[in-house]
Amino acid sequence: MAETIENLLQEMEAYARARQVPILTEAARPVFLRTVRAAAPRRILELGTAIGYSALLALRESPEAEIVTIERDAETAETARGFFRRAGENYEARATVLVGEAEKLLPTLSGAFDFVFIDAAKSRYPDFWLGVQPLLTPRAVVAADNVLFRGLVEGEGSEIWPKHSYRTMVLRLREYLRIVRAAPGFRTEIFPEGDGMAVSRRDA
Ligand code: SAH
Ligand code: MG
């Protein structure tokens, strides 16, 4: 019999803590859940599966939805599949994990997704934004996690030139925010909770 999803999610939180897997933070969770609920998606696309935590949350929040989620690390993808299996048939059957670089796999997908969660390589966010455009439904919502990366992207404290190892990432996240704010037909809100989440709703 399938374990309860609540117990499994808690186990995943402990697993991620012990191995420092950067899953959705506790602070960002309510923002994520509200965003998924409001989008009421049928087809979800996720870039950056990790162990499948945000994917399971999204599926729990939208019982009718299926998810395609992309993970570049094969072993991590296997771990996610294991958790989906343990969540039970109702979850496993609705989740497809693709292994590879999101930027390479996006052009091979066919639409239409009404919710996209961008949570893979932060320095690729501008490319991911462009890559998902052909896959969006007319009422799609695109959420991007960690866009304020440790407060280095915008606002107080962000005037300091970020240290070398973060520089490209921070510059690309700034570029991402510029792009989504200027994107015609989208309305973007930035939620500061956790590491910052940008939610762009198509309203064309
Ligand atoms: N969404 C997950 C956390 C994802 S962590 C959650 O909240 O539960 C980011 C993941 O993206 C890591 O597992 C990393 O291996 C993967 N990743 C990084 N760059 C990627 C890329 N270019 N394509 C696909 N996956 C990538
Ligand atoms: Mg994240």
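Along the sequence shown, the residues carry numbers beginning at 1. Counting starts at 1 for both ligands and their atoms, following the listed order. Just the heavy atoms: all of them, side chains too, but no hydrogens, waters or symmetry mates, feed the values below.
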For residues A140 and F113, report the shortest heavy-atom separation together with the two atoms involved. CB-O, 3.7 Å
For P41 and A65, which heavy atoms make the closest approach, and how far apart are they? O-CB, 3.3 Å
When you check the gap from the basic side-chain N to the acidic O, do E175 and R178 get nearer than 4.0 Å? no
What I want to find out is whether D114 reaches R42 closely enough, with some N-O distance under 4.0 Å, to be called a salt bridge. no
With the criterion set at N/O pairs under 3.5 Å, what does the list of contacts between the protein and ligand 1 look like, atom names and distances included?
residue: ligand 1; atom: 1 (N); partner: G48; partner atom: O; Å: 2.8
residue: ligand 1; atom: 1 (N); partner: S54; partner atom: OG; Å: 2.8
residue: ligand 1; atom: 1 (N); partner: D119; partner atom: OD2; Å: 2.8
residue: ligand 1; atom: 7 (O); partner: L24; partner atom: N; Å: 2.9
residue: ligand 1; atom: 7 (O); partner: S54; partner atom: OG; Å: 3.2
residue: ligand 1; atom: 7 (O); partner: D119; partner atom: OD2; Å: 3.4
residue: ligand 1; atom: 8 (O); partner: S54; partner atom: N; Å: 3.0
residue: ligand 1; atom: 8 (O); partner: S54; partner atom: OG; Å: 3.3
residue: ligand 1; atom: 13 (O); partner: E71; partner atom: OE1; Å: 2.7
residue: ligand 1; atom: 13 (O); partner: E71; partner atom: OE2; Å: 3.3
residue: ligand 1; atom: 15 (O); partner: E71; partner atom: OE2; Å: 2.6
residue: ligand 1; atom: 19 (N); partner: R72; partner atom: NH1; Å: 3.4
residue: ligand 1; atom: 19 (N); partner: A121; partner atom: N; Å: 3.2
residue: ligand 1; atom: 22 (N); partner: E101; partner atom: OE1; Å: 3.3
residue: ligand 1; atom: 22 (N); partner: E103; partner atom: OE1; Å: 3.0
residue: ligand 1; atom: 23 (N); partner: A102; partner atom: N; Å: 2.8
residue: ligand 1; atom: 25 (N); partner: R72; partner atom: N; Å: 3.2

What's the atom name of the N, O or S in D119 nearest to the Mg ion (ligand 2)? OD1
Mind checking whether the Mg ion (ligand 2) has an N, O or S of D145 under 2.8 Å? yes
Please answer whether the main-chain N or O of E61 pairs with a side-chain N or O of R37 as donor and acceptor at a distance below 3.5 Å. no
I want to check a possible cation-pi pair here: R86 against F84, using under 6.0 Å from ring centre and within 45° of the ring axis as the test. no
Backbone or side chain, does N146 get an N/O/S atom under 2.8 Å to the Mg ion (ligand 2)? yes
Heavy-atom closest pair (P30 atom, A27 atom, distance to 0.1 Å) is CD-O, 3.4 Å
